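Remember, it's 1-based here, ligands and their atoms both numbered in the order they're listed. The analysis underlying the following values was restricted to heavy atoms, covering all of them including side chains, and did not include hydrogens, waters or symmetry mates. For clarity, every value in this text was computed on a predicted model and none was experimentally measured.
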Amino acid sequence: MALIVQKYGGTSVGSTERIKNVARRVAGWKKKGHDLVVVVSAMAGETNRLISLAKEVQAHPEPRELDVMVATGEQVTIALLSMALVELGVKARSYTGAQVKILTDNAHTRARILSIDEQRIRSDLAEGCVVVVAGFQGVDGEGNITTLGRGGSDTTGVALAAALKADECQIYTDVDGVYTTDPRIVPEARRMKKITFEEMLEMASLGSKVLQIRSVEFAGKYNVQLRVLSSFEEEGEGTLITFEDNRTMEHAVISGIAFNRDEAKITILGVPDRPGIAYQILGPIGDANVDVDMIVQNVGHDGLTDFSFTVHRNDYQNTLKILEPAVKHIQARGIVSGDKIAKVSAVGVGMRSHAGIASTMFRTLAEEGINIEMISTSEIKISVVIDEKYMELAVRALHKAFNLDQPA
Ligand code: ADP
Ligand code: ASP
Ligand code: MG
């Protein structure tokens, strides 16, 4: 008998029929004698619907109130799933994040989990109940409802598994595991049986939304056994996120291609090339809590240089505003910027021991006539920024160039 935390995403609970299907699956696990804590997302499309509703009233909704509102999506599904379980003769009880309680900081719409009180869950489990918990939400120290950022139900699942020292955390979704790239973009993408935790962290942070990055960070910090599986298939081992030593695993050099359209690029032209300039530009942006991703400073000519960086698209307009006084102050020539960019990345721990990955990547893009605007590398990834309209082409070409469509 094991303690298992299962998380079902929006598509998996997208209709009452699907919720009944999830209930049948959960009942099956329960019948085998396992203890189950089940985390659910809002029904597919519901969180988006709630956000647009808020925007009809306030263009930039008050974050505290937005959290009160979007948290209702998950409150509906926990109740429906519990009812469906009871209907099947399985004892079940549902809880919101605040009821559990999942304590977070007060950063509305992107709160971090600080602690989880597992007492209530444990006593329900002891009584033989399936415990159903609302994903994506918590409560801060003052009793305000908070949410954990888009895709946050994954993090609720992993955090509960960590708090309860569960034997496994199973993330059920609409694909049967983690693929070499998003199968919606590249139909030839292959499911990986295993992926190292390090690679999963990079894939998630570079845009593979199959797992929210914070859920992967949590799994790493607390050593949670994490598996991604399909909620639509009866059988299947899915993908295991493994902590196995990289050196003992057989590796393809590149494990996957990740991409995102979430960033915007800002270039400051004609910046005086002298010490302290990067700080003068980026300091105020950091003070405003805006994360800067890629940064490139060109080689200077005649004492002037260009300075480019990317920020999340949500922070784009705000960043331009913040930059105005700094650009005047340092007497730069001006700003050019745009949000029609995409970041495409190749990820793999095998890169550590193989040369030539970057050149394969750049050659492939050149052959497709795709211009690279920015490059950044780390030990296990290479990312490029390109024009958004070539993103899918770039992903397909790189997937093929690294033989990811061939069996490993
Ligand atoms: P859920 O609602 O269950 O949380 P998500 O939409 O958040 O589901 O995540 C699943 C989706 O992630 C898939 O439908 C797929 O399109 C996308 N995805 C992106 N990259 C990958 C990848 N490398 N492997 C599998 N799925 C991926
Ligand atoms: N319902 C939330 C969202 O759509 C959380 C989640 O699905 O993980 O982002
Ligand atoms: Mg998700």
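Residue pairs satisfying the side chain to side chain donor-acceptor pair (under 3.5 Å) criterion with at least one member in residues 136-148, sequence neighbours excluded, are listed as follows: R64-N144, D67-T147, T104-T146, D140-N144. The list of ring pair (Phe, Tyr, Trp, His ring centres under 6.0 Å) pairs with a residue in residues 375-408, not counting sequence neighbours, is empty.
Of the heavy atoms in K7, only side-chain atoms (C-beta onward) come closer than 4.0 Å to ligand 1. Neither the backbone nor the side chain of Q212 comes within contact range of ligand 2; no heavy atom lies under 4.0 Å. Proximity of V175 to ligand 1, defined as any heavy-atom pair under 4.0 Å, is confined to the side chain (atoms from C-beta onward).
Counting only distance, with no hydrogens or angles, the side chain of R190 and the backbone of Y179 share no donor-acceptor pair below 3.5 Å. With hydrogens and angles ignored, the 3.5 Å screen pairs no side-chain donor or acceptor of R150 with any backbone N or O of T109.
One option in V347, D182, T239 has a heavy atom closer to atom 21 (C) of ligand 1 than any other, and that option is D182. Evaluated by nearest non-hydrogen atom to atom 12 (O) of ligand 1, the leading choice among V228, V210, V186 is V210.
For atom 6 (O) of ligand 1, no protein heavy-atom neighbour is found at a distance under 4.0 Å.
Contact between E46 and ligand 2 is absent, with no heavy atom of the residue lying under 4.0 Å from the ligand.
Here the protein heavy atom with the shortest distance to atom 4 (O) of ligand 2 is R150 NH2, 2.9 Å. Protein heavy atom closest to atom 6 (C) of ligand 2, with residue, atom name and distance, is S153 OG, 3.3 Å.
For a threshold of 3.5 Å applied to N or O pairs, the pair formed by G10 and ligand 2 contains no separation below that value. For the pair S12 and ligand 1, the shortest N or O to N or O distance does not fall below 3.5 Å.
For ligand 2 and S41, the ligand atoms under 4.0 Å from any heavy atom of the residue are 6 (C), 7 (O), 8 (O).
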